[in-house]
Number of protein chains: 2
Amino acid sequence: MSAEKPLFPFVTVDVALFTIDEQRVKVLLVKREEAPYAGCWALPGGALKPHLDGTLLDAVHRVMERKLSASLPWVEEVCTFNGANRDPRGWSLSVLHMALFPMDRIQAVAGLRVSEVKWADAELPLEALAFDHRRVLERAVQHLRNSVERGALPLQMLPEKFTLTQLQKTCEIVLGKSLDKSAFRRRLKELHAGDIEEIEGEFERGVQRPAQLWKAVKHRQ
Amino acid sequence: MSAEKPLFPFVTVDVALFTIDEQRVKVLLVKREEAPYAGCWALPGGALKPHLDGTLLDAVHRVMERKLSASLPWVEEVCTFNGANRDPRGWSLSVLHMALFPMDRIQAVAGLRVSEVKWADAELPLEALAFDHRRVLERAVQHLRNSVERGALPLQMLPEKFTLTQLQKTCEIVLGKSLDKSAFRRRLKELHAGDIEEIEGEFERGVQRPAQLWKAVKHRQ
DNA sequence: AGAATAGTGTCTGTCAGACAGTATCGC
DNA sequence: GCGATACTGTCTGACAGACACTATTCT
């Protein structure tokens, strides 16, 4: 019950917010303004505020809306990182969440405060991150990849209207390997018939045969 | 910052401890002695004590050792249950863990304090459980099943020495469906060559051809 | 016509379930 | 030998990757 041995741990949420840009998986990083690790890049996150947040998910949305001025279309709990020694301020418990962000709205975020927020390559975390966020980020990337590997569609990374080729390319970038077009579409028809639907009469045009546009079918998350 | 709106949530660990008995998946329940839900059966668990526990996993082991007089051979974090309203005492965050227990040591636990601890059928949770533990248990069962479905072997539910038929039967009980012997063993050879090994010269004998005994290869968890 | 990409059909090798066959014990 | 279960080999159907073919636009 002394100051060094508090009865409660710090409870925080950390968010790995992923999108796709320049053919790479990107993650949102913020520059820490306060100690510890002031000036270091870190995953966005913040302390749970029981008087404001009904659930941890509420905390995630509250914290991220301040940083994004936009709401998150998809959030998923991944796991916790906890212990007496991972934060110099004391016993901390942080719950990692993975979130997805549409690639066509990157600018709305990146343009905000360039010196404080940036989209970094999620798979080349060259620089040091605050706390144990390097490990945390690795787990989040792994979670994303596993989800797609098991057949989940990262629809929330895409624009509202997208082509199947875009969807496939997104999966390929996440997985880091190329997929067969025919097999990919066969699987879509068999397993994801209820997740996406054609937008009748709308096509993406270019120097080629027009591509059917699709949209995600809204499920409650 | 008032008494009604504390700055910190309760942080607890809950444990779904599974084993196999009478051809069924069983889970350990304890009878609550204190309010709220006094007299109700619940999943074992307890509050994190930052001055005693280096990590949440330490808390799990500390809490369970008091109830089992035995250590847990396998513990895995599953997910959190949290919110302002799930515990009448206030904002609570409990981290669910799944643990496995060897079927040949059930008695060592069940015999302790029969009125306070019992092994209940994990898939027929007929009676009401304290808090939201019914949902919590469902998630834990689902986690166990998913793991085995994806190919994990629930080796920690088995005795130290076991036959492949026992291992297969255990998987079948968890999955709730029968498996093909030939395919099961083929997969063991291909994917789990490093996880189990024969105990040379040791066999399970009965009114039949003796069955080779195997043991789990120790990995750090 | 030719380039470019969308979208589809077919082939084929791989893998997993089905099932039958062989092996080895107790009685 | 018979019952019982351990263990193994082969067949086959489903599925997924490979790849080629057709379709439709712009230039």
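These numbers were taken from a predicted model, which means no experiment stands behind them. Quick note on labels: first sequence line is chain A, next is B, and so on, each numbered from 1.
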K.L.:
CD of B:Glu149 versus P of C:dA16: gap in Å, rounded?
P.N.:
13 Å
K.L.:
Does atom CG (A:Asp21) have a neighbourhood of more than 12 heavy atoms from anything else shown, all under 6.0 Å?
P.N.:
yes
K.L.:
Let's see if you can work this out: which of C:dT24, D:dT24, D:dA6 has an atom nearest to the side-chain heavy atoms of B:Arg185?
P.N.:
D:dA6
K.L.:
Just wondering, more than 12 heavy atoms not from A:Arg86 lying within 6.0 Å of its CZ?
P.N.:
yes
K.L.:
Evaluate the side-chain proximity of B:Trp119 to B:Ile106: yes if any heavy-atom separation is below 4.5 Å, no if none is.
P.N.:
yes
K.L.:
Could you tell me if the side chain of B:Leu137 sits less than 4.5 Å from the side chain of B:Val27, heavy atoms only?
P.N.:
yes
K.L.:
Take atom CZ of A:Arg209 and atom P of D:dT25, then tell me their distance rounded to the nearest Å.
P.N.:
8 Å
K.L.:
Starting at atom CZ of A:Phe203, determine the distance to atom P of D:dT25, rounded to an integer number of angstrom.
P.N.:
8 Å
K.L.:
Is it true that B:Lys215 and B:Glu160 make a salt bridge, defined as a side-chain N closer than 4.0 Å to a carboxylate O?
P.N.:
no
K.L.:
Is it true that B:Lys118 and B:Glu127 make a salt bridge, defined as a side-chain N closer than 4.0 Å to a carboxylate O?
P.N.:
yes
K.L.:
Evaluate the side-chain proximity of B:Lys67 to B:Leu17: yes if any heavy-atom separation is below 4.5 Å, no if none is.
P.N.:
no
K.L.:
For DNA chain C, find the residues of residues 150-184 of chain B with a heavy-atom distance under 4.0 Å and give them by number; none if there aren't any.
P.N.:
B:Asp180, B:Ser182, B:Ala183
K.L.:
Taking atom types as modelled, find out whether B:Gln168 and B:Glu172 have a side-chain donor-acceptor pair closer than 3.5 angstrom.
P.N.:
yes
K.L.:
Take atom CD of B:Glu198 and atom C1' of D:dC7, then tell me their distance rounded to the nearest Å.
P.N.:
11 Å
K.L.:
Quick one: stems for DNA chain D, with Watson-Crick or G-U pairs under 3.5 Å, at least three in a row?
P.N.:
C:1-27 with D:1-27
K.L.:
side-chain hydrogen bond (donor to acceptor under 3.5 Å, both in side chains) with B:Glu76: which of B:His143, B:Gln221, B:His97?
P.N.:
B:His143
K.L.:
Does CG belonging to B:Asp104 count more than 12 external heavy atoms closer than 6.0 Å?
P.N.:
yes
K.L.:
Is there a side-chain contact between B:Leu68 and B:Leu28 in this structure, where contact means two heavy atoms from C-beta onward sitting under 4.5 Å apart?
P.N.:
yes
K.L.:
In residues 186-196 of chain B, which residues come under 4.0 Å of DNA chain D by heavy atom?
P.N.:
B:Arg186, B:Lys189
